[in-house]
Number of protein chains: 2
Amino acid sequence: MGASLRDVALRAGVSVKTVSNVVNGYEHVTPTTRSKVEAALKELNYRPNLSARNLRRGKSGIIALALPELDSPYFAELARSVIRAAEERGYTVLIDQTDGRLERERHVLAGIRPQLVDGLIVSPLSVGREELAARTDNTPMVLLGETVFEGPADHVAIDNVAAAGIATEHLVALGRRRIAAIGVQPPDGQGTARLRLQGYLDALSTAGLPVDEDLIQQGATFHRADGIQAVKDLLSLPEPPDAVFCFNDLLALGAIRGAYEIGARVPDDIAIVGIDDIEDGRFSTPTLTTISPDKEQIARLSLEFLQSRIDGDRDAPPREVQADFRLMERESTGGRTAE
Amino acid sequence: MGASLRDVALRAGVSVKTVSNVVNGYEHVTPTTRSKVEAALKELNYRPNLSARNLRRGKSGIIALALPELDSPYFAELARSVIRAAEERGYTVLIDQTDGRLERERHVLAGIRPQLVDGLIVSPLSVGREELAARTDNTPMVLLGETVFEGPADHVAIDNVAAAGIATEHLVALGRRRIAAIGVQPPDGQGTARLRLQGYLDALSTAGLPVDEDLIQQGATFHRADGIQAVKDLLSLPEPPDAVFCFNDLLALGAIRGAYEIGARVPDDIAIVGIDDIEDGRFSTPTLTTISPDKEQIARLSLEFLQSRIDGDRDAPPREVQADFRLMERESTGGRTAE
DNA sequence: CTGAAAGCGCTTACAG
DNA sequence: CTGAAAGCGCTTACAG
């Protein structure tokens with residue numbers, strides 16, 4: 001076992017309180033005492049016991065980040081930013097991978113590790129508004145993503161309807177007229193898909209383009225393989241699309257691959273745009289036009305909100321904030337090669 | 001504040017010990033007592049205080065995973081596996097991103113969060129063998145990667161010399177004769193790069209091929225942008241290579257992109273192989289031939305080792321284990337399209 | 001089967 | 001400036 005404050009105190013011939021003062025950088029300690037203590041600290045290789053400190057202080061300096069999967073590039077990049085932002089405030093981050101599964105998300109909300117984490121950042125996929133509101137654990141929480149709005153907690157997300165609208169408008173502006181959507185889900189599916197579909201439909205309507213049901217068939221997930229399949233289906237239609245708006249970058253990268261496999265040229269035969277701005281899309285062939293959400297801002301705001309709740313502001317009404325995003329024009333819609 | 005065991009005991013009219021027994025699923029509690037306690041637990045919405053429990057038990061159920069960066073696909077995929085493997089054993093995982101920077105790695109080794117984590121899995125890049133050996137914190141640790149061998153701790157990695165050899169041999173077997181390497185670093189650089197270079201040189205030697213210094217110029221990092229630049233430099237040589245072994249998949253994906261940008265065909269003009277088997281390479285155009293390390297096995301072994309140390313086996317000599325890997329033939333060396 | 005009590009290692013009023 | 005002591009919430013021998 002390691003040495004405790006008490007061991008150090010005994011060794012240095014002072015009280016535990018004095019050692020604690022030195023360890024915690026308390027100002028008013030005489031140089032003599034301080035150096036005695038420091039010597040003892042070093043000799044015994046003292047390490048504070050954080051569980052004891054946390055118990056006493058009533059907080060841990062740990063926050064949990066619950067997201068569907070760490071190996072999906074968008075979430076990996078977001079996690080990076082969250083961890084960095086947390087670090088700047090002295091927090092460390094525990095990761096929970098939910099796979100977007102209801103039971104796992106419930107588990108997170110029910111409070112795994114009660115009183116061990118000071119706060120929780122959750123990106124839910126399956127769990128609904130009601131359940132979120134009914135949660136009994138009262139660890140401060142920030143919600144990410146599009147499942148729940150005006151919810152029972154602070155919420156940070158981009159305006160997905162607007163983002164999808166801008167992506168679609170970009171295709172319209174290029175002169176494309178048969179614009180498909182990949183990533184549509186059943187009406188009871190993910191909120192993200194619903195909002196992005198909305199933005200797509202709005203943009204078509206604004207442009208005076210008809211909605212062709214053949215061009216908005218439903219898909220299963222947001223992964224590459226589905227993008228491949230979907231684009232192949234679309235391109236084998238009697239009247240194939242000349243552009244496709246993919247609800248995320250993985251689908252779009254799959255679509256690029258699918259088009260290649262059946263010999264369609266991107267963007268000549270079909271222009272492709274995604275959402276997320278994951279790194280892969282900056283190096284794919286062709287490079288991917290996409291909507292880039294400001295992930296660092298999302299991370300920063302999440303931590304700011306969490307911190308304010310942790311610091312006591314628990315009863316303020318939930319905040320609803322939209323993060324910035326912008327269109328990145330690249331080769332998949334005719335933009336030029338990255339420099 | 002939440003209710004404590006004491007509050008619950010008072011409410012249920014029993015002792016703290018009895019409540020603790022119920023909470024911890026202790027067998028021998030009379031049904032009457034149990035239900036009284038359970039009612040009180042529910043009424044007060046009791047949550048155990050994990051800091052207190054950890055303090056008392058002397059362990060936390062938390063392990064830390066320290067790696068260079070979470071948004072590099074290989075590490076993201078590895079992190080996913082580690083988190084899953086940890087979960088199966090009841091551990092949760094804290095992430096430290098070191099960026100491969102010496103000071104950050106030192107900080108990790110010095111024991112951030114002493115006695116809060118039961119164990120540490122570290123993938124070092126900068127820190128050397130001596131420092132690792134001289135560490136004073138005695139939290140059980142497992143080393144990943146190629147920086148340190150026969151080290152002061154259990155170590156899990158693939159046989160990089162062999163892996164690089166097989167990748168290179170594959171190119172030789174295709175009939176390529178001018179095989180370049182991308183990812184080479186200065187002699188004092190990363191261990192990974194050194195070992196992969198070794199495997200490459202061994203394979204050339206076995207095949208009776210000469211080593212051409214022009215084909216093994218040094219690069220800076222293991223990221224896509226460097227792959228682009230390197231392949232362009234190589235292809236503008238008076239005698240360009242007909243194949244290139246990249247020390248990781250990001251470099252290889254960059255190389256694919258770079259070849260495309262200057263109009264070289266892959267694999268016709270230049271065959272490309274990487275190491276890591278990140279998901280992008282299964283969907284890139286062309287898809288990427290690579291060496292696939294068994295990440296789940298690496299994660300599983302890491303946890304197994306860590307667990308045995310945590311469980312008390314601290315003085316056993318450090319274990320050195322090699323994880324499996326295999327060659328995945330894909331389009332970038334002429335393999336067929338993914339089904 | 002259940003209770004009273006000690007103690008994990010720390011921080012923090014309270015004295016002096 | 002420093003000490004003695006209480007207490008954070010839990011688990012665990014020790015009794016009975």
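Residue numbers start from 1 in every chain, and the chains themselves are labelled A, B, ... in the order their sequence lines are given, proteins ahead of strands. Please read all numbers here as calculations on a predicted model, not as lab measurements.
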Using whole Å, what does the distance between atom [atom2] of nucleotide [N] and atom [atom1] of [X] come to?
X	N	atom1	atom2	value
B:Leu10	D:dG9	CG	C1'	14 Å
A:Gln115	D:dC10	CD	P	7 Å
A:Arg47	C:dC10	CZ	P	13 Å

Reading nucleotides 11-16 of chain D from the 5' end, what letters show protein touch, with B for base, S for backbone sugar-phosphate only, - for no heavy atom under 4.0 Å? BBB---

For A:Arg89, does the CZ atom have more than 12 heavy-atom neighbours from other residues, nucleotides or ligands under 6.0 Å away? yes

Are more than 12 heavy atoms, taken from residues, nucleotides or ligands other than A:Glu296, located less than 6.0 Å from that residue's CD atom? no

So which one's nearest nucleotide on DNA chain C is more toward 5', B:Val14 or A:Ser51? B:Val14

Just N and O in the side chain of B:Ser15: are any of them under 4.0 Å from OP1 or OP2 of C:dG3?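 Yes, B:Ser15 has a side-chain N/O under 4.0 Å of OP1/OP2 on C:dG3.
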
Which nucleotide, in any strand shown, forms a Watson-Crick or G-U wobble pair with C:dG3, with both distances under 3.5 Å? D:dC14

Need one value for B:Thr33: base, sugar-phosphate or nothing, where a base atom within 4.0 Å counts as base even if backbone is also close, heavy atoms only.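 Contact class for B:Thr33: sugar-phosphate only.
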
If you define the side chain from C-beta out and look only at heavy atoms, does anything of [X] sit under 4.5 Å from [Y]?
X	Y	result
A:Leu125	A:Phe222	no
A:Leu102	A:Val127	yes
B:Pro140	B:Arg314	yes

For A:Glu304, all residues meeting salt bridge (Lys or Arg N to Asp or Glu O under 4.0 Å), sequence neighbours excluded: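 For A:Glu304, no residue satisfies salt bridge (Lys or Arg N to Asp or Glu O under 4.0 Å) once neighbours in sequence are set aside.
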
From C:dC10, C:dT2, D:dT2, nucleotide with atom closest to B:Thr18 side chain: C:dT2

